[in-house]
Amino acid sequence: MRLMIALSTAATLAAAAVVNNKRAAIDDCLRDAGVPTSTPGTSDWTIDTHAFNQRLKYTPAAIAAPTTIEHVRRAVECAARVSDVKVSAKCGGHSYASFGLGGEDGHLVVQLDRMDAVELDKATGIATVEAGARLGHVATVLVKEGRDFSHGTCPGVGVSGHTLHGGFGFSSHTHGLALDWAVGATVVLANGTIVEASATQNPSLFWALRGAGSNFGIVVTWRFRTFPVPETVTSFEVNLPAWRTNATALVKGFSELQDWLLSGGMPKEMNMRLLGNGFQMQLQGLYHGNAAGMRAALAPLLPRLGTGINATGVREYDWMGGFKHYSYSNEIDVRRPHRQAETFYAKSLVTGALPEKVLERVAEYWVTKPRSLGMGRSWYILIDMYGGPNSAITQVPKDETSYAYRDPKKHLFLYQFNDGIFFGQYPANGFEFLDGWVRTFTEGLGQDWGMYINYADPRLGRSEAQEVYYRESLPRLRQLKKQFDPNELFYYPQAIQPAA
Ligand SMILES: Cc1cc2nc3c(=O)[nH]c(=O)nc-3n(C[C@H](O)[C@H](O)[C@H](O)COP(=O)(O)OP(=O)(O)OC[C@H]3O[C@@H](n4cnc5c(N)ncnc54)[C@H](O)[C@@H]3O)c2cc1C
Ligand SMILES: *[C@@H]1O[C@H](CO)[C@@H](O)[C@H](O)[C@H]1NC(C)=O
Ligand SMILES: *[C@@H]1O[C@H](CO)[C@@H](O)[C@H](O)[C@H]1NC(C)=O
Ligand SMILES: *[C@@H]1O[C@H](CO)[C@@H](O)[C@H](O)[C@H]1NC(C)=O
């Protein structure tokens, strides 16, 4: 049986090479290799081509819909044989740039979300997670056993895209990034072999996967360490209305906040971000511990932020309650089919403490520019309290993974700038709003900043994107790209270029 499939696959592969129409060629190959597919015109196709960011819709050449690791392997093999077809794995489909769909038309998309089993080994605390699972499903299964790993807030985000490029959330200051909890991965490489990647097996591949994973293969199975979840977590907000309209207040308050963070004022158990939008400016936090602990942690900071400033909305939760609080979703156990959607443009930054001159320019932009946008735009900025001396992220040695932001001082804040619309098309002249905002930061910071590919900005050129996403890791990543994927099968518009 196996032999017959192998023989017929080989015959078809040979034939496929001479077929000009790449869609037909890839479809034939997948069919003959016994790989399930989605076909145009079916509801599966509609679901599988769905883009979270409706601004960036792309049409694949074909969609493989694997239910086994062997299906994934054969799909990769088909693409490698049919010349000029690029392969993109798609997990949760939440890439801001629709890179799961290839970031352009004509890719073979390997839609993984039919493979989302999660299993916990209670003796070791190691979770085995199929690569098409979404965060909410993973958390649902693990938290039932009183465990979890560190990850982001959105239940619909795919575990693979998230972990391969970072993975920050309301447990990251305490426990690190999602990728810091990965201890192993099973990977299909460009040449159709299946390998293990871990600290002891293919360690350089494992290094590359944790930060730039979409460039090196398709992860089919993850192994994560887990931690026992705390009994009580406490959510809170601190409203800072003056910062929204008064640039002087914003500069003064933000300086205090960054001094507090830089000097180790923020205890490890605290997880916090600054949210600004058209209606509010507030700190939002999740303290791993009870409300009394949370108040004690904030007590030295609050008087520095202005008179009469205090925490509101203080609520104690169990672990799952804390996750739900910041999920902004009624559905936590998210599985296929999933069709969340927004129409937006986003940018990111990672910076150290902001010099006063930069801060003044940023604040001026912040209190004036958004007001000139007019109706229909829905913008926000999120600034995560990311680094500092007590952050678990920056305690990991910088060469442990390819993820580039591990310096407690240089990598103090992670930013997301997001500008969406409620209806219709994102305006062609809309981009300047966020471009200008990010420019107010970067013009004063020299080379001491980076960007986060989990908030991918598809308007960056390919070389610039590689530089700002991977910084010091880029030279080694390009060497490894040459080793593992010299023909750029796993290409997308911002993919790493193999070393010359
Ligand atoms: C609503 C929302 C909330 C978010 N919240 C957070 C947050 O709290 N914290 C945070 O850090 N980020 C957050 N993100 C960003 C998110 O982490 C990234 O967009 C992430 O890359 C999405 O992963 P995905 O699997 O859903 O996306 P996909 O679009 O499926 O994949 C993203 C990239 O990973 C590649 N990829 C996917 N699966 C594999 C695989 N198995 N093997 C190899 N490559 C693969 C794809 O080819 C693509 O390049 C959020 C995004 C959204 C839309
Ligand atoms: C703006 O904030 C500064 C610093 O807190 C304060 O001194 C000033 O009075 C505020 N200006 C207005 C118009 O409220
Ligand atoms: C904040 O509110 C709490 C609870 O109401 C109170 O105990 C505390 O004294 C307040 N702190 C400040 C700085 O106002
Ligand atoms: C596939 O690629 C890997 C990584 O470059 C290499 O180690 C392995 O030998 C290759 N296998 C085959 C069969 O070519």
Side-chain angles (χ1 to χ4, degrees), residues 51-53 56 72 86-103 107 109-113 115 130-135 150-172 177-179 185-188 209 212-222 236 238 241-243 245-253 273 291-292 295 298-303 305-312 314 326-329 334 338 340-342 344 346 348 367 382 384 414 416 418 452-456 490-495:
F52 177 87
N53 190 349
L56 301 166
V72 177
K86 302 300 183 186
V87 183
S88 294
K90 183 159 166 271
C91 175
H94 275 226
S95 165
Y96 283 15
S98 298
F99 285 155
L101 288 167
H107 281 225
V109 170
V110 181
Q111 173 67 59
L112 294 163
D113 67 353
M115 300 170 69
E130 283 190 313
R134 293 185 169 83
L135 295 179
S150 196
H151 55 71
T153 56
C154 178
V157 163
V159 70
S160 290
H162 191 64
T163 301
L164 291 167
H165 308 105
F168 182 92
F170 278 104
S171 50
S172 292
L177 301 165
L179 57 75
T186 307
V187 192
V188 175
L209 287 179
S214 48
N215 295 280
F216 294 94
I218 300 186
V219 172
V220 287
T221 314
W222 290 101
F236 65 91
V238 177
W243 295 21
T245 50
N246 180 339
T248 313
L250 176 54
V251 170
K252 213 163 153 272
R273 69 187 182 193
R295 290 203 183 274
L298 284 187
L301 173 68
L302 295 179
L305 301 183
T307 45
I309 303 285
N310 206 344
T312 58
V314 177
Y326 283 113
S327 72
Y328 305 116
S329 163
V334 179
H338 177 62
Q340 209 184 333
E342 290 171 17
F344 66 105
S348 68
V367 302
L382 284 175
D384 291 306
L414 168 65
Q416 178 180 171
N418 195 304
Y452 178 50
I453 192 175
N454 263 345
Y455 305 146
F490 302 111
Y491 166 89
Y492 54 95
Q494 295 180 343

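Just so you know, these numbers come straight off a predicted model, no measurement behind them. Order of listing sets the numbers, starting from 1, for every ligand and every atom in it.
- Ligand 1 lies under 4.0 Å from heavy atoms of Phe52, Ala89, Lys90, Cys91, Gly92, Gly93, His94, Ser95, Tyr96, Phe99, Gly100, Leu112, Ala131, Gly152, Thr153, Cys154, Val157, Gly158, Ser160, Gly161, His162, Leu164, His165, Gly167, Phe168, Ser214, Gly217, Ile218, Val219, Tyr452, Asn454, Tyr455.
- When Val251, Leu250, Asn246 are ranked by how near their heavy atoms come to atom 6 (C) of ligand 2, first place goes to Asn246.
- Of the inter-residue distances, the one linking Phe490 atom CZ with Ile218 atom CD1 reads 5.0 Å to the nearest 0.5 angstrom.
- Atom CZ of Phe168 sits about 12.0 Å away from atom CG of Asn454, to the nearest 0.5 Å.
- Listed by chain and number, the residues in a ring-ring contact (aromatic ring centres under 6.0 Å, His included) with Phe52 are His94, Phe344 (sequence neighbours excluded).
- Every ring-ring contact (aromatic ring centres under 6.0 Å, His included) that Phe170 has, sequence neighbours left out, goes to Tyr326.
- In this structure, the side chain of Ser98 does not engage the main chain of Ala51 through any donor-acceptor pair within 3.5 Å.
- Considering only residues two or more places apart in sequence or on other chains, Arg273 meets the side-chain hydrogen bond (donor to acceptor under 3.5 Å, both in side chains) condition with Gln284, Tyr328.
- Distance remark: protein heavy atom not present below 4.0 angstrom from atom 9 (O) of ligand 3.
- You'll find the side chain of Leu164 stays beyond 4.5 Å of the side chain of Leu179, heavy atoms only.
- Counting protein heavy atoms only, atom 5 (O) of ligand 3 is closest to Arg295 NH2, 4.5 Å.
- There is a protein heavy atom closer than 4.0 angstrom to atom 14 (O) of ligand 3.
- For the 3.5 Å distance criterion, the side chains of Ser88 and Tyr492 fail to qualify, holding no donor opposite an acceptor.
- Ligand 3 places these atoms under 4.0 Å from at least one heavy atom of Asn310: 1 (C), 2 (O), 3 (C), 8 (C), 10 (C), 11 (N), 12 (C), 14 (O).
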